[in-house]
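In this chain, numbering begins with 1 at the start of the sequence shown.
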Amino acid sequence: QVQLVESGGGLVQAGGSLRLSCAASGRTFSSYAMGWFRQAPGKERELVAAVMRSGGNTYYADSVKGRFAISRDNAKNTVSLQMNSLKPEDTGVYYCAADWRYPPSSRSDYWGRGTQVTVSS
């Protein structure tokens with residue numbers, strides 16, 4: 001089992017940057033694929049970025065390609081999401097998820113509580 005805690009959200013102007021972090025408990029972090037999801041008000045939760053267990057393969061939603069970068073540090077049990085050139089449509093609650101399967105999905109096994117990202121125009 002793994003517990004996930006997100007941090008790094010906040011309010012930023014359009015064009016700015018934020019870095020989200022997700023800290024995982026447990027000794028099996030490297031066994032899980034990791035993903036970042038976001039949920040905007042009135043919308044379904046969507047996968048934004050994902051990284052395989054070793055960090056060697058990544059996935060990005062088309063809407064964030066070239067602007068977001070996911071990375072993980074298996075020695076520190078963390079996964080991060082660097083978000084650049086932020087747009088108002090990036091606003092939402094961002095969740096970290098862990099799954100045996102890649103990429104993680106809305107049915108993934110483990111979730112953090114989320115961190116709010118608000119991008120003002």
Side-chain angles (χ1 to χ4, degrees):
Q1 204 169 18
V2 61
Q3 293 182 328
L4 305 171
V5 179
E6 303 94 338
S7 62
L11 173 63
V12 64
Q13 288 188 334
S17 298
L18 281 175
R19 185 176 180 85
L20 305 183
S21 293
C22 174
S25 64
R27 296 179 292 178
T28 59
F29 175 74
S30 61
S31 299
Y32 295 94
M34 300 298 297
W36 284 98
F37 291 74
R38 72 183 174 197
Q39 188 165 20
K43 294 188 177 181
E44 293 186 355
R45 193 172 297 187
E46 61 171 340
L47 178 63
V48 171
V51 60
M52 290 190 75
R53 298 171 184 82
S54 64
N57 199 2
T58 56
Y59 162 86
Y60 296 97
D62 288 342
S63 59
V64 307
K65 281 181 181 177
R67 300 189 297 121
F68 290 13
I70 188 170
S71 60
R72 67 187 296 163
D73 185 335
N74 287 341
K76 296 182 178 179
N77 283 13
T78 59
V79 60
S80 299
L81 185 67
Q82 178 67 41
M83 306 186 295
N84 300 324
S85 302
L86 283 162
K87 303 176 181 180
E89 51 264 44
D90 294 320
T91 294
V93 180
Y94 283 70
Y95 298 89
C96 175
D99 203 324
W100 297 107
R101 298 153 293 194
Y102 179 83
S105 73
S106 59
R107 294 175 292 178
S108 289
D109 302 307
Y110 305 107
W111 294 87
R113 293 190 173 186
T115 185
Q116 176 70 44
V117 171
T118 303
V119 184
S120 63
S121 57

Peer 1: Taking all atoms of both residues into account, what is the closest heavy-atom pair of Pro103 and Leu47, and its distance?
Peer 2: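 Looking at all heavy atoms of both residues, the closest pair is CB-CD2, 3.9 Å.
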Peer 1: Quiz question: by atom type and distance under 3.5 Å, do the side chains of Asp99 and Ser108 form a donor-acceptor pair?
Peer 2: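 Yes.
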Peer 1: Specify whether Tyr94 and Phe68 have parallel, tilted or perpendicular ring planes, treating 30° as the upper limit for parallel and 60° as the lower limit for perpendicular.
Peer 2: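 Rings of Tyr94 and Phe68: tilted, as their planes differ by 30° to 60°.
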Peer 1: Tell me whether the guanidinium CZ or amine NZ of Arg72 lies under 6.0 angstrom from the six-membered ring centre of Tyr32 and within 45° of its axis.
Peer 2: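 No; the conditions do not both hold, so Arg72 does not lie above the ring face of Tyr32.
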Peer 1: Once you round to the nearest 0.5 Å, how far does CE of Met34 lie from OG1 of Thr78?
Peer 2: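 The CE atom of Met34 sits 9.5 Å away from the OG1 atom of Thr78.
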Peer 1: Would you sort out whether Gln116 and Thr91 count as a side chain to side chain contact (heavy atoms under 4.5 Å, CB included), showing the intermediate values?
Peer 2: CA-CA 8 Å; Gln116 176 70 44; Thr91 294; 4.1 Å; yes
Peer 1: Distance from Tyr110 atom OH to Trp100 atom CH2, nearest 0.5 Å?
Peer 2: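 So the gap between those two atoms works out to 7.0 Å.
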Peer 1: Using only atom types and a distance under 3.5 Å, with no angle test, would you say the side chain of Glu6 pairs donor to acceptor with the backbone of Arg113?
Peer 2: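 Confirmed, Glu6 side chain pairs with Arg113 backbone.
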Peer 1: Please assess Asp109 against Arg101 for the test side chain to side chain contact (heavy atoms under 4.5 Å, CB included), listing each intermediate value before the final yes or no.
Peer 2: CA-CA 10 Å; Asp109 302 307; Arg101 298 153 293 194; 4.0 Å; yes
Peer 1: Closest heavy-atom contact between Asn84 and Ser17?
Peer 2: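 Smallest interatomic distance, heavy atoms only, reads OD1-OG, 3.0 Å.
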Peer 1: Do the non-hydrogen side-chain atoms of Gln13 and Leu86 ever get within less than 4.5 Å of each other?
Peer 2: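 Gln13 does not reach Leu86 side chain to side chain.
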Peer 1: Rounded to the nearest 0.5 Å, what's the gap from CG on Leu11 to OG1 on Thr118? Could you check?
Peer 2: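 Result: 6.0 Å between the selected atoms.
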Peer 1: Measure the shortest side-chain to side-chain distance between Arg19 and Ser80 over non-hydrogen atoms and say whether it is less than 4.5 angstrom.
Peer 2: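 With C-beta onward as the side chain, the pair touches.
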Peer 1: Say whether Val117 and Val79 are linked into one hydrophobic cluster, either directly or through other cluster members, by side-chain heavy-atom distances under 4.5 angstrom.
Peer 2: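 Both belong to a single hydrophobic cluster.
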Peer 1: Give, for atom NZ of Lys65 and atom OG1 of Thr58, the distance between the pair rounded to the nearest 0.5 Å.
Peer 2: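 Reported value, rounded in 0.5 Å steps: 9.5 Å.
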Peer 1: Using side-chain contact (heavy atoms from CB on, under 4.5 Å) as the criterion, list what pairs up with Glu46, not counting sequence neighbours.
Peer 2: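 Only Arg38 meet the side-chain contact (heavy atoms from CB on, under 4.5 Å) criterion with Glu46.
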Peer 1: Is there a side chain to side chain contact (heavy atoms under 4.5 Å, CB included) between Tyr59 and Ile70 once you walk through the steps?
Peer 2: CA-CA 9 Å; Tyr59 162 86; Ile70 188 170; over 6 Å; no
Peer 1: If I compare all heavy atoms of Asp90 with all of Arg67, which pair ends up nearest, and what's the gap?
Peer 2: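 Closest approach of Asp90 to Arg67: OD2-NH1, 2.8 Å.
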Peer 1: Quick check: does any side chain N or O of Asn74 sit under 3.5 Å from a backbone N or O of Ser54, one acting as donor and the other as acceptor?
Peer 2: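 Such a contact is absent between Asn74 side chain and Ser54 backbone.
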Peer 1: Tell me whether Phe29 shares a hydrophobic cluster with Leu20, the cluster being built from Ile, Leu, Val, Met, Phe, Trp, Tyr side chains joined at under 4.5 Å.
Peer 2: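 Result: yes, single cluster for both.
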Peer 1: Cluster question for you: counting only ILVMFWY and a side-chain heavy-atom cut-off of under 4.5 Å, with indirect links fine, are Trp36 and Val119 together?
Peer 2: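 Yes, it is one cluster - the side chains of Trp36 and Val119 are joined through contacts under 4.5 Å.
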Peer 1: Atom CD of Gln3 and atom SG of Cys96: how far apart are they, to the nearest 0.5 Å?
Peer 2: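 It comes to 12.5 Å.
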Peer 1: Please determine whether side chain to side chain contact (heavy atoms under 4.5 Å, CB included) holds for the pair Leu4 and Cys22, giving the CA-CA distance in whole Å, both sets of side-chain angles, and the decisive distance to 0.1 Å.
Peer 2: CA-CA 6 Å; Leu4 305 171; Cys22 174; 3.9 Å; yes
Peer 1: Which pair of heavy atoms, one from Gly112 and one from Tyr95, lies closest together, and at what distance?
Peer 2: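 Closest pair (atom of Gly112, atom of Tyr95, distance): O-CD2, 3.6 Å.
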Peer 1: Looking at side-chain heavy atoms only, is the closest gap between Trp111 and Arg45 below 4.5 Å?
Peer 2: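 Of all side-chain heavy-atom pairs linking Arg45 with Trp111, at least one is under 4.5 Å.
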Peer 1: If you look at every heavy atom in Leu81 and Ala49, which pair is closest and at what distance?
Peer 2: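 Reported closest heavy-atom pair: CD1-CB, 3.9 Å.
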Peer 1: Could you tell me which non-hydrogen atom of Val51 sits nearest to which non-hydrogen atom of Tyr102, and how far apart they are?
Peer 2: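 In terms of heavy atoms, the two residues are closest at C-CE1, 3.6 Å.
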